[in-house]
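Taking it in order: structure first as structure tokens, then the write-up.
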Amino acid sequence: MIQTPYYLIDKSKLLQNMEKIATLRELSGAKALLALKCFATWSVFDFMRDYMDGTTSSSLNEVRLGHERFGKETHAYSVAYADYEIDEVVSHADKIIFNSIGQLNRFEKQSSGIIRGLRLNPGVSSSSFDLADPARPFSRLGEWDLKKVEPVMDLISGFMIHNNCENGDFDLFDRMLGEIEQKFGPLLKKAAWVSLGGGIHFTGDDYPLEKFAERLKRFSGEYGVQVYLEPGEASITKSTTLEVTVLDKLYNGKDLVVVDSSIEAHLLDLLIYRESAKVHPNQGPHRYQVCGKSCLAGDIFGEFNFENELNIGDRISLQDTAGYTMVKKNWFNGVKMPAIAIRELDGSLRTVREFDYTDYEQSLS
Ligand SMILES: Cc1ncc(COP(=O)(O)O)c(C=O)c1O
Ligand SMILES: NCCCCNCC[C@H](N)C(=O)O
């Protein structure tokens, strides 16, 4: 048995997402780039590579990882590049997408050897969190004024528009794309490619994949553009668990268990968005609040129902822990960093990374 805590990536579950992505690419002609900000666990890149066209990034480190570990097409994007990093970014990328006209102009010379694009902000999004809403008031994410973009069209050949967020509603996607066409149609007509970003949950169970593919194909035909998507969450959803062990039991008006992990350190995204972790099937007569072992009073994964009483040494699988989790893990409280394991298609388990004291020590100085 692998020592907990560890993240467990199940390739057979990952495969379900990969097959949907491959189908979508085939039906729509769109290309799919893995958004590394969401998931950058490169041990499964060899597996994902056959189903996706490459990666997109949000920093120098990510573009380098995409280039070196994934290969294929490598898009560079960042909210802002620094002077000292631009040459290296360009050396790793096929395309560079600038967030602003200011950055495009600033790095015009350094980026002249690769394909260039600009992020557009349509002012509409599907985000229910203002923290993750690219269209929030006074947003810094992309250019919105057609009149300012027109004069730099000779420097770029395409656009990136990321305005979806956890959007599993095709009709909403369709409506917002219509608004984008209304607003930016004249610019889209001049583009060779358009990336519609991530945030579209098209690998979800009931998502109308064929309608989505038809809409992308129609968009591509109308404007004569190669469409890209940048799925992060959709690529890895439901593929991974965080495996933990019960270390202690307490009672304080509720039955509590403390596990050998921490939501703050190992599932930080949930804490940021004030969401509960998930267990499956979450049924049974025994209800526990599952707590982390850091000193943070609110280090709580959630309250769940179990078939049997929980005892010290029992294991719990926290569900759906790939996206925005492994990339955000941290050394808060010095809590043991979860190892990373993979369940292969034949069911065998392989540990691909373990972390020890040296990793903790070396993360600071
Ligand atoms: C530009 C861009 N592309 C893609 C993504 C990936 O989004 P998701 O993981 O929701 O698919 C994000 C999320 O931040 C993004 O900002
Ligand atoms: N589950 C809580 C909301 C998570 C939102 N994720 C945001 C990431 C996203 N790609 C973005 O910031 O646009």
Side-chain angles (χ1 to χ4, degrees), residues 17-18 20-21 24 30-41 48 52-59 62-63 66 73-81 93 95-100 103 117-122 124-136 139-143 158-169 172-173 176 180 193-204 207 212 227-240 263 267-278 301-302 318-328:
N17 298 328
M18 291 297 109
K20 286 188 185 172
I21 290 175
L24 180 72
K31 294 187 178 186
L33 306 175
L34 174 66
L36 295 174
K37 73 189 73 184
C38 172
F39 182 80
T41 310
M48 299 174 85
M52 302 189 76
D53 296 281
T55 58
T56 188
S57 54
S58 30
S59 63
E62 283 189 358
V63 74
E73 219 171 311
T74 309
H75 284 200
Y77 164 75
S78 174
V79 171
Y81 291 111
K95 276 194 187 66
I96 186 162
I97 298 155
F98 290 105
N99 183 64
S100 70
Q103 284 255 309
L118 189 63
R119 179 170 184 169
L120 296 179
N121 188 331
V124 286
S125 98
S126 65
S127 180
S128 42
F129 298 92
D130 76 329
L131 185 61
D133 181 359
R136 61 190 275 148
S139 175
R140 72 197 185 294
L141 302 173
E143 295 285 354
F159 298 105
M160 186 268 277
I161 304 167
H162 168 76
N163 69 319
N164 286 279
C165 182
E166 300 198 326
N167 186 4
D169 176 348
L172 175 58
F173 167 80
M176 290 197 306
I180 288 169
W193 54 273
V194 174
S195 172
L196 295 174
I200 309 160
H201 282 202
F202 63 90
T203 54
Y207 199 85
F212 182 44
V227 171
Y228 287 88
L229 296 173
E230 303 177 359
E233 195 63 60
S235 307
I236 45 70
T237 187
K238 296 188 181 156
S239 67
T240 301
I263 190 164
L267 292 181
L268 180 61
D269 204 54
L270 294 179
L271 193 62
I272 291 172
Y273 289 98
R274 313 301 283 171
E275 292 183 333
S276 172
K278 289 175 242 161
F301 291 96
L318 299 165
Q319 301 294 308
D320 203 8
T321 61
Y324 301 98
T325 56
M326 297 158 98
V327 291
K328 292 192 181 187

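Counting starts at 1 for both ligands and their atoms, following the listed order.
Here the side chain of Ser235 pairs a donor or acceptor atom with the backbone of Pro231 at under 3.5 angstrom. Not one N or O on the side chain of Thr240 forms a donor-acceptor pair closer than 3.5 Å with the backbone of Thr321. The closest donor-acceptor contact from the side chain of Asp53 to the backbone of Ala32 lies under 3.5 Å.
For His162, the side-chain contact (heavy atoms from CB on, under 4.5 Å) partners two or more places apart in sequence, or in a different chain, are Arg119, Pro134, Met160. Under the side-chain contact (heavy atoms from CB on, under 4.5 Å) criterion, Ala80 pairs with Gln103, not counting sequence neighbours.
Around atom NZ of Lys238, no more than 12 heavy atoms belonging to other residues, nucleotides or ligands sit under 6.0 Å away.
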Dump all N/O pairs between ligand 1 and the protein below 3.5 Å as a table: atom names plus distance, one pair per row.
{"residue": "ligand 1", "atom": "3 (N)", "partner": "Glu230", "partner atom": "OE1", "Å": "2.6"}
{"residue": "ligand 1", "atom": "7 (O)", "partner": "Gly199", "partner atom": "N", "Å": "3.4"}
{"residue": "ligand 1", "atom": "7 (O)", "partner": "Tyr324", "partner atom": "OH", "Å": "3.3"}
{"residue": "ligand 1", "atom": "9 (O)", "partner": "Glu233", "partner atom": "N", "Å": "2.9"}
{"residue": "ligand 1", "atom": "9 (O)", "partner": "Tyr324", "partner atom": "OH", "Å": "2.6"}
{"residue": "ligand 1", "atom": "10 (O)", "partner": "Gly199", "partner atom": "N", "Å": "3.3"}
{"residue": "ligand 1", "atom": "11 (O)", "partner": "Gly199", "partner atom": "N", "Å": "2.7"}
{"residue": "ligand 1", "atom": "11 (O)", "partner": "Gly232", "partner atom": "N", "Å": "3.0"}
{"residue": "ligand 1", "atom": "16 (O)", "partner": "Lys37", "partner atom": "NZ", "Å": "2.8"}
{"residue": "ligand 1", "atom": "16 (O)", "partner": "His162", "partner atom": "NE2", "Å": "3.4"}

Does ligand 2 have any N/O atom under 3.5 Å from a protein N/O, and what are those pairs and their distances?
{"residue": "ligand 2", "atom": "1 (N)", "partner": "Glu166", "partner atom": "OE2", "Å": "2.8"}
{"residue": "ligand 2", "atom": "1 (N)", "partner": "Glu275", "partner atom": "OE1", "Å": "2.9"}
{"residue": "ligand 2", "atom": "1 (N)", "partner": "Glu275", "partner atom": "OE2", "Å": "3.4"}
{"residue": "ligand 2", "atom": "10 (N)", "partner": "Tyr324", "partner atom": "OH", "Å": "2.8"}
{"residue": "ligand 2", "atom": "13 (O)", "partner": "His162", "partner atom": "NE2", "Å": "2.8"}

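Side chain to side chain, Glu230 and Tyr77 fail the donor-acceptor criterion of an N or O pair below 3.5 Å.
With a 6.0 Å cutoff to the six-membered ring centre and a 45° limit on the axis angle, Lys95 counts as a cation-pi contact of Trp193.
From His75, atom NE2 reaches atom OG of Ser58 across 14.0 Å, with rounding to the nearest 0.5 Å.
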